Protein chains: 2
Amino acid sequence: MSVTGDAMYIKKMNKALVLNTIRNNTPISRAKVSKITGLNKGTVSNLVSELIHNDLVYETGTGKSSGGRRPIMLMFNERCGYAIGIDIGVNYIFGLLTDLSGKIITKKEISLSVTDYQSVKENIYTVIDFLINQTPSSTYNIIGIGVSVPAIVSNEGFVLFAPNLNWTNINLKHDLQQKYSLNVTVENEANAGAYGELKFGNKNHVETMIFISAGMGIGSGIIINDTLYKGINGFSGEVGHVSIENNGIVCTCGKKGCWELYASEKAILNKTKEVYQKEISFLELVEKAKKQDQKAIHIFNEIGKQLGIGISNVINIFNPDSVVIGNRIASSKTWIEDSLKETIKSRTLPFHQKEVEIRISNLGPYSIPLGVSYIMIEDFLKK
Amino acid sequence: MSVTGDAMYIKKMNKALVLNTIRNNTPISRAKVSKITGLNKGTVSNLVSELIHNDLVYETGTGKSSGGRRPIMLMFNERCGYAIGIDIGVNYIFGLLTDLSGKIITKKEISLSVTDYQSVKENIYTVIDFLINQTPSSTYNIIGIGVSVPAIVSNEGFVLFAPNLNWTNINLKHDLQQKYSLNVTVENEANAGAYGELKFGNKNHVETMIFISAGMGIGSGIIINDTLYKGINGFSGEVGHVSIENNGIVCTCGKKGCWELYASEKAILNKTKEVYQKEISFLELVEKAKKQDQKAIHIFNEIGKQLGIGISNVINIFNPDSVVIGNRIASSKTWIEDSLKETIKSRTLPFHQKEVEIRISNLGPYSIPLGVSYIMIEDFLKK
DNA sequence: CTTAGTTTGTGTATTGTCTGAACTAAGTTT
DNA sequence: AAACTTAGTTCAGACAATACACAAACTAAG
């Protein structure tokens, strides 16, 4: 073994810096990379030639001159490898195959009728096998599989508890690694969604973002300084069980007045039953609202307000630059957005309101699988 | 100018690593530093000799042999410089002079009768002048002044709004830098306290800590990965205005049911008035409780419960490894601790409870000035 | 068409930092 | 007293980054 691990470390850092500069500014010349990164021209030349050797970057003819020699444009080779992102829901498995820029190559969805681990596992295998079969040949082939689960997941990727799937202590990561001999990451659903929104949600630079995943319950993914914050054990973000009503409705968690009892799909279904005196599904309610059913619209307005109450709390705590609302609730955007924003405005300190952007996801069902897929990509590109 | 900023960067990192290893394990030999850090013996020797040259480290005779040549023990020279930490309260200014290990050399307190900025500024000058006069001569002398203010402070140290002092848009940092030509940091009170508790609160390693500053209101300082998290503008941690009662008491902030209306000194004073039918100060109530006054004890029990409600929310969101309750409430520890812990136990998910440590500060009034002082020290030692 | 100036990218010498290994120093163990 | 251990220093070699020089390829302007 030669030279310090730290000489290698610094090269690794600079190489990653050059690669990211190319990724974010593609196409770009060596000269411009040098200017942006502050690295010496020679250093950039050297690192770029290595990156070309690694097939991560390629040259694509000459660009326009700006009064001197014409630059050789560099592009990130997003097709030198592919990533798989799997979103496990309560009644479906949704899988994506993406290239290294996160562009979707193929998708595959399967619906689930039973949720016991053995059956679900078989279905996951089916989805992954399908996606692997569809993968074009490339230098690195599949660089990793990311899986999202609606569950409490430890920092090590161990599924501790998935209430809606009725799973406890499942080592999905181990099983997949065993079967495919690939890099595997298992992530909580809200964290995955947060990462997806961070990378694909909008183009503005975001440092601190809170992703509110409002489906049957409410979870959240917390991004701080461009990184997922997962808490000391990986259990952070349980905002759904923040109490907003000290002596409110009793929750399955044992507490009273949990936010998710007032602002999730669960809350909508309860309200709907009360208003219409019969069981109506979430999608049917959306249909009603689309047809201008005032009762339905009113229910959504109210949910928007309740969502706003909890989000105000989150803003007061985190002072984030962005809050994104995702998961199934996002599809009722039209009727919740106004009351949501109004509530937040009246319930946060003026200082906090100045720069925060409140947004309802428009990636829809893609934020989660894209998120896990991109976690694998970033992991791979860090080498 | 010679060599890359990055060769220097790596040396800086390693030098800081060696210095911190010596600080945390003083006294220690070069050989052991090499073992702990993984750096080559020669590298350590070289860096240590520079640190000795910088007067940050000194040799202190030989240690015990373990079967070979006796080691030369190294010590961190905590007296090569001093730091000033100032805690500005609503009716006092409390200043500390510490050495570079955070040991208190001198303290100085002044009470305030008026809070307009001009008068307070003069008093701050008086405290600082006193502390500077008391500073022993040393290589680096005063390495910086840290100031804590009960206010919303921007990331740049600009005081935007201090409700209890009635200040808006005060550039205290600029004024102090101008007058003393020293490195100055202005920090929010809860953030300062959090840092103080992180460094001096207990010896176990802590990564993520939430410091709940419960005085007249409730604020919080958030430590993530050993660093203060301040939010995108520096306004994070406003947990006092998290609503725990949707249709509760109206707060000065305009919202209803803010946590601090139920669990702060403000809440205690209200309760006391109701129970005793007259105005009784916080300190008097503590005295009553000490004399086993059941009504007083009951009030504190109740406050403990209310504190617990809000802290449960914080735990569900952050999954921290430590929550510390500080500021004035801490002095009623005896009567709030049990109901506090019980409430938290019943209101957090079992997964979260496993490793979290709930603690009431025992640094008392020192956590804040020690915190700002230590911020300056760490800043200085990073060079 | 010529000349001057600009921009891009590469090659070479130099520098700073770390490591490995040999070496000196100063003990302990048998 | 010889053999072993441990501590700390010194020096050559490896590596990565910079500075600088230079060639190539262009634009601008007379």
Side-chain angles (χ1 to χ4, degrees), chain A residues 1-19 21-22 25 27-54 57-75 383, chain B residues 1-19 21-22 25-53 57-75 383:
Chain A
M1 199 159 306
S2 72
V3 110
T4 156
D6 292 286
M8 278 155 47
Y9 170 77
I10 184 170
K11 186 173 185 182
K12 227 174 174 176
M13 270 188 52
N14 285 336
K15 202 167 166 182
L17 179 62
V18 168
L19 179 56
T21 309
I22 296 173
N25 299 279
I28 190 173
S29 68
R30 289 167 174 82
K32 206 152 192 186
V33 171
S34 167
K35 256 176 220 152
I36 291 177
T37 59
L39 290 170
N40 186 280
K41 285 195 295 172
T43 308
V44 171
S45 264
N46 182 32
L47 293 174
V48 164
S49 83
E50 281 189 42
L51 289 170
I52 290 177
H53 220 84
N54 295 337
V57 165
Y58 63 96
E59 296 182 336
T60 168
T62 51
K64 259 203 101 59
S65 157
S66 55
R69 172 175 167 180
R70 282 158 81 178
I72 304 167
M73 302 314 271
L74 302 167
M75 300 259 272
K383 247 168 248 61
Chain B
M1 202 160 304
S2 69
V3 109
T4 156
D6 291 284
M8 276 155 48
Y9 169 78
I10 185 169
K11 184 173 186 183
K12 228 176 177 174
M13 269 190 52
N14 286 335
K15 201 167 168 182
L17 179 62
V18 169
L19 180 57
T21 309
I22 295 173
N25 300 279
T26 190
I28 189 173
S29 68
R30 288 169 175 81
K32 205 150 194 187
V33 171
S34 165
K35 257 175 220 151
I36 292 177
T37 58
L39 290 170
N40 187 276
K41 283 198 296 175
T43 309
V44 171
S45 263
N46 181 33
L47 293 175
V48 164
S49 84
E50 280 189 43
L51 288 170
I52 290 177
H53 220 83
V57 165
Y58 61 96
E59 297 183 335
T60 167
T62 51
K64 262 201 98 57
S65 157
S66 56
R69 169 174 169 181
R70 284 157 80 181
I72 304 166
M73 301 315 270
L74 301 168
M75 300 259 273
K383 250 168 242 60

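To find a chain, count down the sequence lines: A is the first, B the second, and so on, and within it residues start at 1. Just so we're clear, the structure is a prediction, and the values are computed from it rather than from any experiment.
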Colleague: Can you tell me how far P of C:dT19 sits from OH of A:Tyr9, to the nearest Å?
Modeller: 14 Å
Colleague: I need the CG-P distance between B:Leu47 and D:dT9, as an integer number of Å.
Modeller: 12 Å
Colleague: Does any N or O in the side chain of A:Asn46 come within less than 3.5 Å of the main-chain N or O of A:Gly42, such that one atom is a donor and the other an acceptor?
Modeller: no
Colleague: Tell me what A:Lys35 touches on the nucleic acid: a base, only sugar-phosphate, or nothing, going by heavy atoms under 4.0 Å.
Modeller: sugar-phosphate
Colleague: Starting at atom CG of B:Asn46, determine the distance to atom C1' of C:dT17, rounded to an integer number of angstrom.
Modeller: 9 Å
Colleague: Taking atom C1' of D:dA16 as reference, at what distance in whole Å does atom CD of A:Glu50 sit?
Modeller: 10 Å
Colleague: With rounding to the nearest 0.5 Å, note down the distance linking CG in B:Leu74 to CD1 in B:Ile72.
Modeller: 7.5 Å
Colleague: With heavy atoms under 4.0 Å as the rule, sort B:Lys15 into base, sugar-phosphate or nothing.
Modeller: nothing
Colleague: The side chain of B:Leu39 is closest to which nucleotide in this list: C:dT19, D:dG8, C:dT17?
Modeller: C:dT19
Colleague: For A:Met75, which residues count as a side chain to side chain contact (heavy atoms under 4.5 Å, CB included) partner, sequence neighbours excluded?
Modeller: A:Thr26, A:Pro27, A:Tyr58, A:Thr60
Colleague: Please find the pair of heavy atoms, one from B:Asn25 and one from B:Ile28, that lie closest to each other, and give the distance.
Modeller: O-CB, 3.5 Å
Colleague: Nearest to the A:Ile10 side chain among C:dT8, D:dA17, C:dT17, which nucleotide is it?
Modeller: D:dA17
Colleague: What is the separation between atom CG on A:Leu17 and atom P on D:dA16, rounded to the nearest whole Å?
Modeller: 16 Å
Colleague: Find the distance B:Met8:CE to D:dC15:P and express it as a whole number of Å.
Modeller: 24 Å
Colleague: List in chain and number order the residues that pass side chain to side chain contact (heavy atoms under 4.5 Å, CB included) with B:Lys15, two or more places apart in sequence or in another chain; answer none if no residue qualifies.
Modeller: B:Leu47, B:Glu50, B:Leu51, B:Asn54
Colleague: Can you pull the side-chain hydrogen bond (donor to acceptor under 3.5 Å, both in side chains) pairs that have at least one residue in residues 28-39 of chain A, sequence neighbours excluded?
Modeller: A:Arg30-A:Glu59
Colleague: Measuring to OP1 and OP2 of D:dT18, would you say a side-chain N or O of A:Thr43 lies under 4.0 angstrom away?
Modeller: yes
Colleague: Which part of the nucleic acid does A:Ser29 contact within heavy-atom distance under 4.0 Å: base, sugar-phosphate only, or nothing?
Modeller: sugar-phosphate
Colleague: Could you check which nucleotide pairs with D:dG30 in any of the strands shown, counting Watson-Crick or G-U wobble with both distances under 3.5 Å?
Modeller: C:dC1
Colleague: Check every strand shown and say whether A:Lys11 touches a base, only sugar-phosphate, or nothing at a heavy-atom separation below 4.0 Å.
Modeller: sugar-phosphate
Colleague: Considering residues at least two apart in sequence or located in another chain, which fulfil the side chain to side chain contact (heavy atoms under 4.5 Å, CB included) criterion with B:Asn40?
Modeller: B:Thr43
Colleague: Just the rounded figure in Å: distance from C1' of D:dG8 to NZ of B:Lys32.
Modeller: 16 Å
Colleague: For DNA chain C, what residues of residues 58-73 of chain B have any heavy atom nearer than 4.0 Å?
Modeller: B:Ser65, B:Gly67, B:Gly68, B:Arg69, B:Arg70
Colleague: Examine D:dT9: is either OP1 or OP2 under 4.0 Å from a nitrogen or oxygen in the side chain of B:Arg30? Give yes or no.
Modeller: yes
Colleague: Need to verify one output field. Residue with the more 5' nearest nucleotide on DNA chain C, A:Ala31 or B:Asn40?
Modeller: A:Ala31
Colleague: Taking any heavy-atom pair under 4.0 Å as a contact, classify A:Asn14: base, sugar-phosphate, or nothing.
Modeller: sugar-phosphate
Colleague: Taking NZ from B:Lys41 and P from D:dT5, how many angstroms apart are they, rounded to a whole number?
Modeller: 14 Å
